[in-house]
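Computed over heavy atoms, backbone and side chain alike; hydrogens, waters and symmetry mates excluded.
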Amino acid sequence: QIDIVYSPISSDAARIEAVKTIAKLATKLSDRIQTMIKIEDRFLVPAIAILVSESKQRAFNNKVIFNMGVLDSRLHLVGMHEAVVEQGDTELELFKKEIPAVPRYMIPRWKRLLYDPQACVLEETLARS
């Protein structure tokens with residue numbers, strides 16, 4: 001589908017249909033991801049909380065963030081913060097407890113400079129279809 005969108009010989013109608021197909025596939029993917037997240041939250045997260053100590057969980061999270069690289073870890077922290085804000089005060093307090101002050105202080109800047117531009121591209125693509 002993406003080849004049709006960028007092909008110089010594709011008609012406008014073909015491009016529009018290709019973008020619509022991509023948008024539908026993206027929606028299906030998003031729905032599946034949301035289902036997976038709900039399953040994880042319902043079953044996996046409580047099991048890990050019981051079986052793995054907080055210190056081991058914290059060490060694992062730090063390794064993941066370190067291995068993601070600077071840009072990806074910043075985007076991850078912003079996305080995590082966005083999700084935590086939606087969850088309410090309890091999760092936000094836990095986030096503040098677990099994430100050091102300097103990265104927390106930088107989240108609004110990273111959101112504006114890194115996260116929002118990528119989110120806008122996705123929203124604009126979906127709006128066009």
With a 3.5 Å cut-off and sequence neighbours excluded, list the donor-acceptor pairs that the side chains of residues 108-115 form with protein atoms.
residue : atom : partner : partner atom : Å
Lys111  : NZ   : Asp116  : OD1          : 2.9
Lys111  : NZ   : Asp116  : OD2          : 3.4

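More than 12 heavy atoms of other shown residues, nucleotides or ligands fall within 6.0 angstrom of atom CE in Met106.
Summarising the geometry, atom CD1 belonging to Ile37 is positioned 12.0 Å from atom CG belonging to Leu44; distances are rounded to the nearest 0.5 Å. The line from CD1 of Ile4 to OG of Ser11 is 9.0 Å long, rounded to the nearest 0.5 Å. One distance of note links CD of Gln57 with CG of Leu51; it measures 9.5 Å at 0.5 Å rounding.
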For Val78 and Arg74: C-alpha separation, side-chain torsions, deciding distance, then whether side-chain contact (heavy atoms from CB on, under 4.5 Å) applies. CA-CA 6 Å; Val78 173; Arg74 289 175 182 176; 5.6 Å; no
May I have the step-by-step check of side-chain contact (heavy atoms from CB on, under 4.5 Å) for Phe95 and Arg104, ending in yes or no? CA-CA 9 Å; Phe95 182 85; Arg104 283 196 332 262; 4.1 Å; yes
One pair to check against side-chain contact (heavy atoms from CB on, under 4.5 Å): His76 and Met80. What are the steps and the verdict? CA-CA 6 Å; His76 176 71; Met80 212 163 57; 3.7 Å; yes
Derivation and outcome, side-chain contact (heavy atoms from CB on, under 4.5 Å), residues His81 and Ile99: CA-CA 10 Å; His81 182 262; Ile99 304 300; over 6 Å; no
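A donor-acceptor pair is defined here as one N or O able to donate and one able to accept, closer than 3.5 Å; such a pair exists between the side chain of Arg15 and the backbone of Ser10.
For Leu77 against Ile107, the heavy-atom pair with the smallest separation is O-CD1, 4.3 Å.
Placement of Val52 and Phe43 in two distinct hydrophobic clusters is found when ILVMFWY residues are connected by side-chain heavy-atom separations under 4.5 Å, directly or transitively.
For Arg58 and Glu54, the salt-bridge test passes: some basic side-chain N is under 4.0 Å from an acidic carboxylate O.
The shortest side-chain heavy-atom distance between Leu29 and Leu25 does not fall under the 4.5 Å cut-off.
For the side chain to side chain donor-acceptor pair (under 3.5 Å) condition, no pair includes a residue of residues 31-46, sequence neighbours left out.
A search for side-chain hydrogen bond (donor to acceptor under 3.5 Å, both in side chains) contacts involving Thr90 returns nothing, not counting sequence neighbours.
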